[in-house]
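First listed ligand is number 1; within each ligand, the first listed atom is number 1. As a basis for the values below, the full set of heavy atoms in this structure was taken, side chains included, without hydrogen atoms, waters or symmetry mates.
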Amino acid sequence: MFNILRKSLSTGVVTTSYPETPPEVSARARGKPEIDWANWKDARPAAKICPTGAISCEDKNDRRSASLDLGKCIFCGLCADVDKSIRMTHVCECAVRSRSALVKEADYSLKPDGTHDRLVSPLTMDASTGSGQLADIPRPSAASLETLAQKVQERAKRVLGRSLHIREVDAGSCNGCEVEIVGLNSPVYDLERFGIHFVASPRHADMLLVTGPVTRNMELALRKTYDATPEPRLVVAVGACGCSGGIFGVNYATRGGVDSVIPVDVYIPGCPPNPYALLHGILLAVGRLETKRR
Ligand code: SF4
(Lines give C-alpha, C1' and ligand atoms only; values in the text may rest on other atoms or scores of the structure.)
Protein backbone atom coordinates (compact mmCIF):
# COMPACT_ATOMS: atom_id res chain seq x y z
CA MET A 1 0.00 0.00 0.00
CA PHE A 2 2.71 2.47 1.06
CA ASN A 3 4.81 1.39 -1.90
CA ILE A 4 1.91 2.17 -4.27
CA LEU A 5 1.42 5.58 -2.67
CA ARG A 6 5.15 6.34 -2.81
CA LYS A 7 5.28 5.27 -6.47
CA SER A 8 2.24 7.41 -7.34
CA LEU A 9 3.66 10.47 -5.60
CA SER A 10 7.07 10.06 -7.25
CA THR A 11 5.47 9.61 -10.71
CA GLY A 12 3.24 12.64 -10.38
CA VAL A 13 0.54 13.56 -12.90
CA VAL A 14 1.27 12.06 -16.31
CA THR A 15 -1.93 13.19 -18.05
CA THR A 16 -1.38 15.45 -21.03
CA SER A 17 -2.92 18.89 -20.85
CA TYR A 18 -3.96 18.62 -24.51
CA PRO A 19 -5.89 20.38 -26.02
CA GLU A 20 -4.70 23.28 -23.88
CA THR A 21 -1.16 22.54 -25.05
CA PRO A 22 -0.02 21.20 -28.44
CA PRO A 23 0.34 17.43 -28.91
CA GLU A 24 3.63 16.11 -27.55
CA VAL A 25 4.49 13.74 -30.38
CA SER A 26 7.82 11.96 -30.78
CA ALA A 27 10.34 13.59 -33.10
CA ARG A 28 10.22 10.36 -35.10
CA ALA A 29 6.42 10.31 -35.43
CA ARG A 30 5.18 11.04 -38.93
CA GLY A 31 2.32 13.44 -39.50
CA LYS A 32 0.68 14.49 -42.74
CA PRO A 33 2.74 15.28 -45.86
CA GLU A 34 2.90 18.87 -47.06
CA ILE A 35 3.47 19.89 -50.65
CA ASP A 36 5.09 23.13 -51.74
CA TRP A 37 2.38 23.58 -54.37
CA ALA A 38 3.73 26.83 -55.83
CA ASN A 39 7.16 25.35 -56.51
CA TRP A 40 6.18 21.77 -57.31
CA LYS A 41 8.16 20.79 -60.40
CA ASP A 42 6.72 17.40 -61.25
CA ALA A 43 3.87 15.44 -59.67
CA ARG A 44 4.56 12.23 -61.59
CA PRO A 45 7.31 10.60 -59.42
CA ALA A 46 5.31 11.08 -56.21
CA ALA A 47 2.09 9.88 -57.86
CA LYS A 48 3.90 6.83 -59.19
CA ILE A 49 5.38 5.79 -55.85
CA CYS A 50 2.36 6.58 -53.66
CA PRO A 51 0.99 3.16 -52.62
CA THR A 52 -2.60 4.29 -52.02
CA GLY A 53 -3.12 6.79 -54.83
CA ALA A 54 -3.28 9.64 -52.31
CA ILE A 55 -1.18 11.70 -54.70
CA SER A 56 -2.49 11.56 -58.24
CA CYS A 57 -2.18 13.55 -61.43
CA GLU A 58 -3.97 13.67 -64.74
CA ASP A 59 -2.79 15.37 -67.94
CA LYS A 60 -5.13 17.02 -70.43
CA ASN A 61 -3.65 18.88 -73.41
CA ASP A 62 -0.91 21.05 -71.92
CA ARG A 63 -2.41 21.09 -68.41
CA ARG A 64 -1.93 18.80 -65.40
CA SER A 65 -4.30 18.47 -62.52
CA ALA A 66 -2.51 17.17 -59.40
CA SER A 67 -4.11 16.31 -56.09
CA LEU A 68 -3.34 15.13 -52.57
CA ASP A 69 -6.04 13.18 -50.74
CA LEU A 70 -5.24 12.99 -47.01
CA GLY A 71 -8.12 10.56 -46.59
CA LYS A 72 -6.12 7.99 -48.54
CA CYS A 73 -2.68 8.88 -47.18
CA ILE A 74 -0.98 6.38 -44.86
CA PHE A 75 1.80 8.85 -43.91
CA CYS A 76 4.44 6.45 -45.27
CA GLY A 77 6.81 9.20 -46.44
CA LEU A 78 7.67 7.57 -49.80
CA CYS A 79 6.59 10.67 -51.73
CA ALA A 80 8.94 12.86 -49.67
CA ASP A 81 11.79 10.46 -50.46
CA VAL A 82 11.45 11.02 -54.20
CA ASP A 83 10.32 14.66 -54.31
CA LYS A 84 12.01 17.60 -52.59
CA SER A 85 8.83 19.68 -52.83
CA ILE A 86 7.15 17.33 -50.37
CA ARG A 87 8.00 17.07 -46.69
CA MET A 88 6.61 14.95 -43.92
CA THR A 89 5.42 16.97 -40.94
CA HIS A 90 4.59 15.99 -37.35
CA VAL A 91 1.07 17.42 -37.73
CA CYS A 92 -1.47 14.85 -36.59
CA GLU A 93 -4.57 17.02 -35.96
CA CYS A 94 -6.08 16.53 -39.41
CA ALA A 95 -9.69 15.61 -38.59
CA VAL A 96 -12.39 17.32 -40.68
CA ARG A 97 -16.15 17.20 -41.01
CA SER A 98 -16.30 16.66 -44.73
CA ARG A 99 -14.56 14.05 -46.90
CA SER A 100 -13.88 16.58 -49.64
CA ALA A 101 -12.01 18.79 -47.14
CA LEU A 102 -9.25 16.19 -47.12
CA VAL A 103 -8.55 16.70 -50.83
CA LYS A 104 -6.36 19.45 -52.25
CA GLU A 105 -6.05 20.04 -55.96
CA ALA A 106 -3.98 22.31 -58.19
CA ASP A 107 -3.58 22.80 -61.94
CA TYR A 108 -0.27 23.35 -63.71
CA SER A 109 0.73 24.31 -67.23
CA LEU A 110 3.35 21.93 -68.63
CA LYS A 111 6.72 22.24 -70.30
CA PRO A 112 7.46 20.06 -73.38
CA ASP A 113 9.30 17.54 -71.16
CA GLY A 114 6.20 17.08 -68.97
CA THR A 115 7.46 18.96 -65.92
CA HIS A 116 5.43 21.78 -64.41
CA ASP A 117 5.80 25.20 -65.96
CA ARG A 118 3.73 27.11 -63.41
CA LEU A 119 0.72 26.90 -61.12
CA VAL A 120 -2.22 28.12 -63.20
CA SER A 121 -5.09 27.75 -60.77
CA PRO A 122 -5.17 28.46 -57.09
CA LEU A 123 -5.21 25.56 -54.71
CA THR A 124 -8.76 24.31 -54.42
CA MET A 125 -10.24 22.85 -51.31
CA ASP A 126 -13.78 22.39 -50.09
CA ALA A 127 -14.63 25.19 -47.67
CA SER A 128 -17.86 23.61 -46.48
CA THR A 129 -16.11 21.57 -43.82
CA GLY A 130 -17.53 23.35 -40.83
CA SER A 131 -13.91 23.34 -39.70
CA GLY A 132 -11.99 24.31 -42.80
CA GLN A 133 -9.23 25.82 -40.71
CA LEU A 134 -8.52 22.46 -39.14
CA ALA A 135 -7.78 20.97 -42.52
CA ASP A 136 -5.34 23.57 -43.70
CA ILE A 137 -3.54 25.13 -40.79
CA PRO A 138 -0.66 23.15 -39.28
CA ARG A 139 -2.12 23.49 -35.80
CA PRO A 140 -5.62 24.58 -34.91
CA SER A 141 -6.08 27.30 -32.38
CA ALA A 142 -5.40 25.80 -28.94
CA ALA A 143 -7.82 28.30 -27.45
CA SER A 144 -10.69 27.14 -29.64
CA LEU A 145 -10.05 23.50 -28.82
CA GLU A 146 -9.60 24.21 -25.15
CA THR A 147 -12.93 25.95 -25.06
CA LEU A 148 -14.41 23.05 -26.95
CA ALA A 149 -12.99 20.58 -24.45
CA GLN A 150 -14.35 22.53 -21.50
CA LYS A 151 -17.75 22.60 -23.11
CA VAL A 152 -17.85 18.91 -23.94
CA GLN A 153 -19.36 17.76 -20.67
CA GLU A 154 -21.69 20.72 -20.44
CA ARG A 155 -22.87 20.25 -24.02
CA ALA A 156 -23.33 16.50 -23.68
CA LYS A 157 -25.30 17.05 -20.46
CA ARG A 158 -27.50 19.66 -22.12
CA VAL A 159 -28.20 17.64 -25.26
CA LEU A 160 -28.16 14.12 -23.87
CA GLY A 161 -28.87 14.71 -20.19
CA ARG A 162 -25.73 12.74 -19.26
CA SER A 163 -22.12 12.11 -20.32
CA LEU A 164 -21.16 11.08 -23.86
CA HIS A 165 -20.80 7.38 -24.66
CA ILE A 166 -18.77 5.86 -27.48
CA ARG A 167 -19.12 2.43 -29.04
CA GLU A 168 -16.01 1.36 -30.97
CA VAL A 169 -16.73 -0.70 -34.10
CA ASP A 170 -13.98 -2.66 -35.82
CA ALA A 171 -15.30 -3.02 -39.36
CA GLY A 172 -12.28 -4.98 -40.57
CA SER A 173 -9.23 -3.05 -39.41
CA CYS A 174 -5.72 -4.46 -38.91
CA ASN A 175 -6.07 -3.43 -35.23
CA GLY A 176 -3.50 -0.64 -35.62
CA CYS A 177 -6.25 1.91 -34.94
CA GLU A 178 -7.52 -0.16 -31.99
CA VAL A 179 -4.09 -0.03 -30.35
CA GLU A 180 -4.22 3.78 -30.51
CA ILE A 181 -7.86 3.87 -29.34
CA VAL A 182 -6.96 1.77 -26.28
CA GLY A 183 -4.37 4.44 -25.49
CA LEU A 184 -7.18 6.99 -25.09
CA ASN A 185 -8.17 5.38 -21.79
CA SER A 186 -4.60 5.38 -20.46
CA PRO A 187 -3.55 7.85 -17.73
CA VAL A 188 -1.64 9.84 -20.35
CA TYR A 189 -4.58 10.75 -22.63
CA ASP A 190 -7.39 10.04 -20.16
CA LEU A 191 -10.45 10.49 -22.38
CA GLU A 192 -12.71 10.21 -19.31
CA ARG A 193 -11.57 13.63 -18.07
CA PHE A 194 -13.93 15.02 -20.73
CA GLY A 195 -16.78 12.90 -19.40
CA ILE A 196 -16.54 10.61 -22.44
CA HIS A 197 -16.76 6.86 -21.85
CA PHE A 198 -16.53 3.73 -23.98
CA VAL A 199 -19.53 1.42 -23.73
CA ALA A 200 -20.17 -2.15 -24.84
CA SER A 201 -23.51 -1.71 -26.62
CA PRO A 202 -24.57 0.61 -29.46
CA ARG A 203 -27.90 1.02 -27.63
CA HIS A 204 -26.04 2.91 -24.90
CA ALA A 205 -23.87 4.89 -27.34
CA ASP A 206 -24.06 8.41 -28.76
CA MET A 207 -21.06 8.04 -31.04
CA LEU A 208 -19.72 5.20 -33.20
CA LEU A 209 -15.95 5.20 -33.64
CA VAL A 210 -15.49 3.06 -36.74
CA THR A 211 -12.21 1.59 -37.96
CA GLY A 212 -11.32 -0.50 -40.99
CA PRO A 213 -12.08 -0.46 -44.71
CA VAL A 214 -15.49 -2.10 -43.99
CA THR A 215 -15.07 -5.66 -45.09
CA ARG A 216 -18.08 -7.11 -46.86
CA ASN A 217 -18.41 -9.56 -43.95
CA MET A 218 -18.78 -6.63 -41.54
CA GLU A 219 -21.04 -4.48 -43.70
CA LEU A 220 -24.32 -5.85 -42.33
CA ALA A 221 -23.02 -5.76 -38.75
CA LEU A 222 -22.06 -2.11 -39.20
CA ARG A 223 -25.50 -1.21 -40.61
CA LYS A 224 -27.22 -3.00 -37.73
CA THR A 225 -24.96 -1.28 -35.18
CA TYR A 226 -25.79 2.10 -36.74
CA ASP A 227 -29.53 1.33 -36.68
CA ALA A 228 -29.28 0.26 -33.03
CA THR A 229 -27.64 3.53 -31.98
CA PRO A 230 -30.19 6.11 -30.77
CA GLU A 231 -30.43 9.61 -32.31
CA PRO A 232 -28.66 12.00 -32.32
CA ARG A 233 -25.90 9.55 -33.22
CA LEU A 234 -22.48 10.64 -34.35
CA VAL A 235 -20.21 8.59 -36.60
CA VAL A 236 -16.45 9.11 -36.67
CA ALA A 237 -14.43 7.32 -39.36
CA VAL A 238 -10.99 6.46 -38.04
CA GLY A 239 -7.79 6.14 -40.07
CA ALA A 240 -7.07 5.99 -43.77
CA CYS A 241 -9.11 2.77 -44.02
CA GLY A 242 -12.12 4.33 -42.32
CA CYS A 243 -11.85 7.49 -44.44
CA SER A 244 -11.35 5.88 -47.85
CA GLY A 245 -10.52 2.19 -47.65
CA GLY A 246 -6.84 3.14 -47.32
CA ILE A 247 -4.34 0.68 -48.73
CA PHE A 248 -7.17 -1.79 -49.45
CA GLY A 249 -9.43 0.59 -51.35
CA VAL A 250 -12.53 -1.08 -52.79
CA ASN A 251 -12.22 -4.70 -53.80
CA TYR A 252 -13.97 -8.07 -53.67
CA ALA A 253 -13.54 -8.16 -49.87
CA THR A 254 -13.92 -4.52 -48.79
CA ARG A 255 -16.47 -1.76 -49.38
CA GLY A 256 -14.01 1.15 -48.96
CA GLY A 257 -14.54 4.00 -46.51
CA VAL A 258 -17.14 3.95 -43.74
CA ASP A 259 -19.22 6.54 -45.61
CA SER A 260 -19.87 4.00 -48.36
CA VAL A 261 -22.08 2.20 -45.82
CA ILE A 262 -23.32 4.74 -43.23
CA PRO A 263 -23.22 8.58 -42.98
CA VAL A 264 -20.05 9.96 -41.38
CA ASP A 265 -19.79 13.16 -39.30
CA VAL A 266 -16.02 13.40 -38.83
CA TYR A 267 -13.04 11.88 -40.65
CA ILE A 268 -9.74 11.26 -38.84
CA PRO A 269 -6.87 10.58 -41.30
CA GLY A 270 -3.71 8.66 -40.39
CA CYS A 271 -2.42 5.11 -40.42
CA PRO A 272 -3.06 4.76 -37.60
CA PRO A 273 -4.03 8.15 -36.16
CA ASN A 274 -2.30 8.61 -32.80
CA PRO A 275 -4.35 9.28 -29.63
CA TYR A 276 -3.94 13.07 -30.06
CA ALA A 277 -5.42 12.82 -33.55
CA LEU A 278 -8.25 10.69 -32.17
CA LEU A 279 -8.94 13.13 -29.33
CA HIS A 280 -8.98 15.99 -31.80
CA GLY A 281 -11.49 14.20 -34.04
CA ILE A 282 -13.74 13.14 -31.15
CA LEU A 283 -13.85 16.67 -29.74
CA LEU A 284 -14.60 17.98 -33.22
CA ALA A 285 -17.50 15.53 -33.51
CA VAL A 286 -18.95 16.57 -30.16
CA GLY A 287 -19.36 20.04 -31.62
CA ARG A 288 -21.95 18.53 -34.01
CA LEU A 289 -24.21 17.15 -31.30
CA GLU A 290 -26.47 20.15 -31.01
CA THR A 291 -26.85 20.67 -34.75
CA LYS A 292 -27.81 17.02 -35.17
CA ARG A 293 -30.38 17.29 -32.40
CA ARG A 294 -32.25 20.09 -34.14
S1 SF4 B 1 2.95 9.80 -47.41
FE2 SF4 B 1 0.83 9.66 -48.20
S3 SF4 B 1 0.90 10.80 -50.14
FE4 SF4 B 1 3.05 10.29 -49.60
S5 SF4 B 1 3.47 8.34 -50.66
FE6 SF4 B 1 2.77 7.82 -48.56
S7 SF4 B 1 0.55 7.51 -48.80
FE8 SF4 B 1 1.23 8.60 -50.64
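The nearest protein atom to atom 4 (Fe) of ligand 1, hydrogens excluded, is given as C79 SG, 2.3 Å; this is a heavy-atom distance.
Short contacts between ligand 1 and T52, defined as distances under 4.0 Å to a heavy atom of the residue, involve ligand atoms 7 (S). Counting the atoms of ligand 1 from 1 in the order shown, those under 4.0 Å from a heavy atom of I55 are 3 (S). Listed by atom number, the atoms of ligand 1 under 4.0 Å from C73 heavy atoms are 1 (S), 2 (Fe), 3 (S), 7 (S).
Nearest-heavy-atom check against atom 8 (Fe) of ligand 1 across C50, A240, G246, G77 picks out C50.
With hydrogens and angles left out, the side-chain atoms of E105 and S65 include no donor and acceptor closer than 3.5 Å. Using a 3.5 Å distance cut-off with no hydrogens or angles, the side chains of D113 and T115 do pair a donor with an acceptor.
With a cut-off of 2.8 Å, atom 4 (Fe) of ligand 1 has no N, O or S atom of C76 in range.
The parts of I74 lying near ligand 1 are both backbone and side chain, judged by heavy-atom distances below 4.0 Å.
By the 6.0 Å contact criterion, CZ on F248 is open, its count of non-hydrogen atoms from other residues, nucleotides or ligands being 12 or less.
I196 and V199 fall into different hydrophobic clusters, where Ile, Leu, Val, Met, Phe, Trp and Tyr side chains are chained together by heavy-atom contacts under 4.5 Å.
Using bins of under 30°, 30° to 60° and over 60° for the plane-to-plane angle, the ring pair Y18/Y276 lands in the perpendicular bin.
Listed for the R30 side chain is a donor-acceptor partner under 3.5 Å among the backbone atoms of C76.
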